[in-house]
Amino acid sequence: MDYNFKEIEQKWQNYWEQNKTFKTPEDLTNPRKCYVLDMFPYPSGAGLHVGHPEGYTATDIYSRYKRMKGFNVLHPMGWDAFGLPAEQYAIQTGTHPSITTKNNCDTFRRQIKELGLSYDWDKEINTTDPLYFKWTQWIFIRLFNTWFDEKLQKGRPVNELTIPEEIKELGDREIRKYIDSKRLAYYDNAQVWWCPSCRIVCANEEVLNDGSHEKCGNIVEKKNLKQWMLRIPLYAERLLKGIDDLDWPEGIKDMQRNWIGRSTGAEVDFRIDGTDDNLTVFTTRPDTLFGATYMVIAPEHRIVNKITTVECRKQVDEYIRMAALKSDLDRTDLAKEKTGVFTGRYAINPVNNKLVPIWVADYVLTGYGTGAIMAVPAHDTRDFEFAQKFNLPILCIQDPDVQDQDQRNRILAGAECWTEDGKYINSSDKVTGIDINGLSKEAGIKKMTDWLESKNLGKAKINYKLRDWLFSRQRYWGEPFPVIHWEDGEITVLSDDELPLELPPLEHYLPGETGESPLANAGEWLNVTDKNGRKGRRETNTMPQWAGSCWYYLRFIDAHNNESIFDREKEKYWMPVDLYIGGAEHAVLHLLYSRFWHKVLYDLGIVSTDEPYKKLFNQGMILAFAYENGAGAKIPADQIEERDGKFYNTENGSEVRQIVAKMSKSLKNVVNPDDVVNRYGADSLRLYEMFIGPLDVMKPWDDRNVKGVFNFLSRSFRFFSNPENISIAADDNELLKGLHKTIKKVGDDIESLKFNTAISEMMIFLNLVYKKGKVSKDTACRFTLILSPFAPHLAEELWQMLGNEKSLAYEPWPEYDEQYLKEDTIEYPVSFNGKMRFLIELPADMPAEEIRKAVLADERSAKWIGSSAPANVIVVPKKIVNVVVK
RNA sequence: GCCCGGAUGGCGGAAUUGGUAGACGCGCUGGUCUCAAACACCAGUGGCAGCGAUGCUGUGCCGGUUCGAUCCCGGCUCCGGGUACCA
């Protein structure tokens with residue numbers, strides 16, 4: 001019988017839908033649970049591309065396998081549906097984004113359903129649904145009403161915040177300001193990146209290295225705007241520590257660690273000569289204070305104006321003006337060459353009371369540390385470059401740990417920079433009493449930090465690169481903030497029973513040029529009055545797209561609960577997510593933001609786990625062939641013809657080069673899964689996505705190779721659907737060995753997400769089946785079961801043809817029998833001096849000494865041994881024999 | 001620059017983590033079936049030499065450890081991802 005995949009796939013998709021086969025179990029007593037989650041997609045107008053089904057198939061195989069292993073499985077899907085494209089479309093056409101969004105979701109849902117993925121569609125969620133974002137707003141209110149207790153390293157409700165007496169004395173307004181200064185969510189004037197083209201602010205993370213906006217590619221500029229910010233750095237330590245225990249790829253863990261960017265050092269106070277002011281710097285090398293020959297402060301530093309002397313005023317003002325301008329231009333090229341000016345002022349080095357000049361330079365960033373540094377040019381490459389350029393003194397204070405005497409002399413003379421370890425020199429002062437000469441780096445840092453603390457000149461300090469998270473956007477199509485700005489300056493959040501705050505209908509969706517959200521035009525919606533007649537205005541910014549995806553995994557647990565965010569017992573049962581699969585492009589931001597929210601919810605007692613995602617796995621990107629001509633211009637893939645392994649442009653017949661590249665519209669090399677489903681069926685698509693290579697690496701898509709897995713499925717179907725091939729006799733030992741080996745390998749490989757080798761093992765078994773010609777019904781059934789997570793439609797059909805009535809989705813996974821995996825004999829490879837020469841079959845339990853004798857006695861050995869006795873014979877039982885001949 | 005990851009036949013990729021390199025699939029070659037083709041089935045397929053048995057060679061490059069290295073160590077080259085004056 002022919003493999004009619006169209007009919008089979010339609011039949012079983014209908015069956016699963018009608019029977020709600022994959023409905024999540026309600027029973028929470030099964031101790032074996034498994035929450036398998038995909039990163040939910042943004043439903044774009046372009047529909048699915050073959051990158052989506054890669055991760056979805058992997059989680060689907062895993063979920064189906066776990067069900068068969070007796071687990072309660074939660075495997076949901078939903079839509080991260082707020083976002084710019086639907087809004088841009090609304091601006092152009094006037095179509096409400098909710099309509100565009102609904103259409104796109106419908107397309108995605110249809111395409112996903114055609115892949116036979118075992119989602120529980122009753123749990124579908126959509127971030128744009130008011131019944132969903134009601135709870136996003138609810139969480140925002142929690143963030144607003146939470147402060148971080150540094151002592152307990154824990155978020156706590158603001159009503160548990162102790163107001164210092166001196167603040168209380170200043171009255172309500174100051175108390176309010178104090179509380180606001182502690183909230184995890186705060187509203188503030190912030191210098192932000194602004195994209196004039198999108199008319200939207202961007203988080204630092206959304207601005208690329210070349211100063212362009214990642215969404216549109218246009219150059220962003222700096223602006224001062226009132227924005228909502230989240231104090232994620234308060235959780236830096238928790239977020240960093242938590243990484244250690246996660247079962248995530250090490251590379252992703254490293255990326256998160258680097259992003260958090262913890263560095264230990266000290267803050268040191270320098271008195272400013274001739275003023276009462278101090279200049280505090282952060283340094284990771286307090287031990288090099290004796291080498292600090294000048295100071296640098298960022299152009300934006302508050303103190304610049306105050307300390308600049310009359311003589312230097314003009315040049316400093318000019319420099320600051322230039323620096324501000326420069327940050328608006330392409331920063332990368334200009335950033336290489338160091339610039340700066342002298343303020344005319346000196347600071348006093350606390351270790352030896354020497355005067356050091358204070359400079360302004362933009363290589364010191366305002367946002368990190370204190371925005372000021374002590375420069376140690378002899379031991380810091382950036383300071384060294386700067387000092388050389390401006391002829392500032394370079395004092396070596398660490399005798400370098402190098403062999404090369406010339407290099408050592410250069411370093412000692414201040415002609416070369418040394419950043420490694422060495423013994424301190426020139427590092428003592430009789431008056432101040434500090435002396436670290438002769439110590440090495442680690443001891444020097446310790447001694448200097450202790451000394452600074454004891455003299456009250458500084459303190460040990462930990463700094464993080466992680467910045468406050470800019471959390472508002474000037475957009476219509478996002479979650480409205482449940483916030484009112486009152487005329488007296490107070491900011492309040494709505495009460496829970498006023499949620500959801502829905503988006504008002506609008507006629508025009510275009511944001512204002514000055515940074516006003518389109519919501520500013522929503523007159524009726526905008527203005528509110530409280531019961532005392534106080535006037536207020538709703539927040540017109542909306543939340544960024546991250547908001548909805550920060551917590552969606554929690555809503556899946558109890559998707560339609562309108563009384564609470566989710567049922568506590570259900571949350572306790574299902575959390576944490578056991579397996580989370582998605583693209584590495586979310587390695588830092590989504591996962592970090594999401595972990596942050598989760599930790600706050602944990603601190604507030606809303607969720608039961610400290611971390612949301614126990615095991616994370618990143619699928620590799622799927623690439624596709626693209627073509628370029630001699631000049632490097634890209635030629636669309638549909639305009640290429642292959643002849644004799646060479647590729648030609650059909651337009652003009654010229655030869656082009658085949659390259660492998662990301663799928664993109666401009667290269668016209670996007671593969672649409674619908675085409676593959678039509679030609680070969682969903683099971684073939686699923687199988688090919690998995691067979692193409694390991695899940696976590698990049699791999700090129702090649703349509704021609706789909707044939708390989710299609711052949712395998714057709715062969716499977718043709719063989720097992722034919723009653724003549726099913727024998728009533730028992731299988732022979734060879735077949736049973738093959739079967740049990742396959743059962744073991746496939747199970748092990750699914751557990752470790754190595755689907756490509758699982759599939760090849762099944763192919764090997766099918767080849768054996770063809771060789772045998774007939775198999776028992778029992779073997780046919782077991783093979784069908786292990787194939788089912790990979791090719792579920794085909795497997796259900798075969799299962800039915802083999803006489804089973806119910807769906808196989810909850811059939812127990814076949815057990816393998818060790819007895820068939822044991823080998824009685826082993827084909828020992830025999831090597832001479834490491835080169836394999838022949839195989840010898842020996843009993844598996846033969847002792848090493850016997851093996852040695854048997855090998856040496858074999859006539860084939862004589863040729864390689866020669867006349868003298870072998871120098872050595874290595875016997876590794878069950879592995880190999882190696883004879884060493886001189 | 002720094003931090004990760006990678007390099008294996010014509011191609012996608014295997015290799016129990018130190019023990020027969022190239023599983024499985026694509027492609028290609030030959031055969032069976034067919035009037036013919038497609039499909040299907042069977043066989044072969046890293047390179048070089050040889051009719052052949054077989055031999056030599058071979059996992060980006062150079063060196064090392066080892067009875068034995070795709071795997072471990074040292075030094076490079078190239079490719080990919082992240083990040084960037086973070087003091």
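When reading the values below, keep in mind they use all heavy atoms of this one structure, side chains included, and skip hydrogens, waters and symmetry mates. The sequence lines fix the lettering, A, B, ..., with proteins before strands; numbering per chain opens at 1.
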So what does A:S831 hit on the nucleic acid, given a heavy-atom distance under 4.0 Å: a base, only sugar-phosphate, or nothing?
nothing
Counter-base of B:A37, judged by Watson-Crick or G-U geometry with both distances under 3.5 Å
none
With respect to the phosphate group of B:C26, does any side-chain polar atom (N or O) of A:N711 fall under 4.0 Å of OP1 or OP2?
yes
Nucleotide opposite B:G5 in a Watson-Crick or G-U pair, distances under 3.5 Å
B:C79
Complementary nucleotide of B:C51, counting Watson-Crick and G-U pairs under 3.5 Å
none
Could you measure between the two P atoms, the one in B:G12 and the one in B:A69, and give it in whole Å?
27 Å
Checking all strands, does A:G251 fall into the base, sugar-phosphate, or nothing category for heavy-atom contacts under 4.0 angstrom?
sugar-phosphate
A:H379 to A:I397 - nearest heavy-atom pair and separation
NE2-N, 3.1 Å
Could you tell me how far B:U66 sits from B:U17 if I compare only their P atoms? Round to whole Å.
23 Å
Nucleotide B:A23, atom P - distance to NZ of A:K745 in whole Å
15 Å
Sort out the partner of B:G74 for me: Watson-Crick or G-U wobble, both distances under 3.5 Å, none otherwise.
B:C62
How many Å lie between CD on A:E585 and P on B:G5, as a whole number?
20 Å
Interatomic spacing from CD1 in A:I786 to CD in A:E761 - rounded to 0.5 Å
9.0 Å
With P as the reference atom in both, quote the distance from B:A36 to B:G25 in angstrom, rounded to an integer.
29 Å
If pairing means Watson-Crick or G-U wobble with both distances under 3.5 Å, then the partner of B:A15 is none
Which heavy atom of A:K737 sits nearest to which heavy atom of A:K822, and what is that distance?
CE-O, 3.8 Å
Tell me whether the side-chain N/O atoms of A:S263 come closer than 4.0 Å to OP1 or OP2 in B:A87.
yes
Please check the phosphate of B:G25 (OP1 and OP2 only) for any side-chain N or O of A:N756 closer than 4.0 Å.
no
A:K465 near the nucleic acid: base, sugar-phosphate alone, or nothing, with a heavy-atom cut-off under 4.0 Å?
base
Both conditions, 6.0 Å and 45 degrees, for the charged tip of A:K338 above the ring of A:Y363: are they met here?
yes
Kindly point out which of B:G12, B:A23, B:A21 is positioned nearest to the side chain of A:I764?
B:A23
Round to the nearest Å and state the distance from A:H379 atom NE2 to B:C85 atom P.
24 Å
Roughly how many Å apart are B:C67 and B:G18, using the C1' atom of each and rounding to a whole number?
12 Å
If you look at every strand shown and take non-hydrogen atoms under 4.0 Å, does A:N833 touch a base, only sugar-phosphate, or nothing?
nothing
Options B:G25, B:C67, B:G13, nucleotide nearest the side-chain atoms of A:V884:
B:C67
Interatomic distance where CE belongs to A:M836 and C1' belongs to B:C67 [whole Å]:
17 Å
Give the nucleotide from the list B:G13, B:C26, B:G19 with an atom nearest to the side chain of A:R704.
B:C26
Taking the minimum atom-to-atom distance to the side chain of A:M698, which one of B:C24, B:G80, B:C85 wins?
B:G80
Measure CD1/A:I759 against P/B:A23 and give the value in whole Å, please.
18 Å
Rounded P spacing from B:G22 to B:G55 in Å
16 Å
Could you tell me whether B:G9 is syn or anti, where syn means a glycosidic angle within 90 degrees of zero?
syn
Walking RNA chain B from its 5' end, the first of A:N463 and A:E250 to be reached, judged by nearest nucleotide, is A:E250
On RNA chain B, nearest-nucleotide positions of A:T757 versus A:V883: which is more 5'?
A:T757
Can you tell which of B:A14, B:G82, B:C26 lies closest to the side chain of A:M255?
B:G82
Classify A:V364 by what it touches in the nucleic acid, base, sugar-phosphate, or nothing, heavy-atom distance under 4.0 Å.
base
In whole Å, I'd like the distance from the NZ atom of A:K822 to the P atom of B:U16.
24 Å
Between CZ of A:F838 and P of B:U54 the distance, given in whole Å, is 13 Å
Taking the same atom, P, in B:G46 and in B:A23, what whole-Å distance lies between them?
8 Å
P-based separation of B:C3 from B:C71 [nearest Å]
23 Å
If only side-chain N and O atoms of A:R715 are considered, is one of them under 4.0 Å from the OP1 or OP2 phosphate oxygen of B:C41?
yes
Which one is paired to B:U20, where only Watson-Crick or G-U wobble pairs with both distances under 3.5 angstrom count?
none
May I ask you to check whether A:D269 and A:T280 show a side-chain donor-acceptor distance below 3.5 Å?
yes
Pick from A:F710, A:W701, A:Y680: which one makes a ring pair (Phe, Tyr, Trp, His ring centres under 6.0 Å) with A:Y688?
A:W701
Cation-pi geometry met for A:R718 and A:Y3 (6.0 Å, 45°):
no
Pair partner, B:G44 [Watson-Crick or wobble, under 3.5 Å]:
B:C28
Tell me what A:L839 touches on the nucleic acid: a base, only sugar-phosphate, or nothing, going by heavy atoms under 4.0 Å.
base
Please report the interatomic distance CE(A:M690) to CG(A:L753), rounded to the nearest 0.5 Å.
10.0 Å
Of all the choices, B:C3, B:A15, B:G13, which nucleotide is nearest to the side chain of A:K754 once you look at every atom?
B:A15
List the atom of A:E54, the atom of A:Q619, and the distance in Å for their closest heavy-atom pair.
OE1-CG, 3.4 Å
Nearest listed nucleotide, side chain of A:I692, among B:C24, B:G12, B:A87:
B:G12
Can you tell me, in whole Å, how much space there is between the C1' of B:U77 and that of B:C62?
11 Å
When you measure only distances, ignoring hydrogens and angles, does the side chain of A:N882 come within 3.5 Å of the base of B:C67 through a donor and an acceptor?
yes
Would you tell me if any nitrogen or oxygen in the side chain of A:K835 comes within less than 4.0 Å of OP1 or OP2 on B:U57?
yes
Taking the side chain of A:K338 as heavy atoms from C-beta outward, which of B:A87, B:C85, B:G19 is closest to it?
B:C85
Under 4.0 Å, heavy atoms only, any strand: does A:W864 hit a base, just the sugar-phosphate, or nothing?
sugar-phosphate
Could you check how far CG of A:L695 sits from P of B:G13, rounded to whole Å?
13 Å
Below the 4.0 Å mark, does B:C56 have OP1 or OP2 next to a side-chain nitrogen or oxygen of A:R837?
yes
Quick one: is B:C41 close enough that its OP1 or OP2 comes under 4.0 Å of any side-chain N or O from A:R718?
yes
Grab the two heavy atoms, one from A:G738 and one from A:T742, that are nearest each other, plus how far apart they are.
O-OG1, 2.6 Å
Checking all strands, does A:I874 fall into the base, sugar-phosphate, or nothing category for heavy-atom contacts under 4.0 angstrom?
base
Reckon A:M762 touches a base, only the sugar-phosphate, or nothing at all at heavy-atom distances under 4.0 Å?
nothing
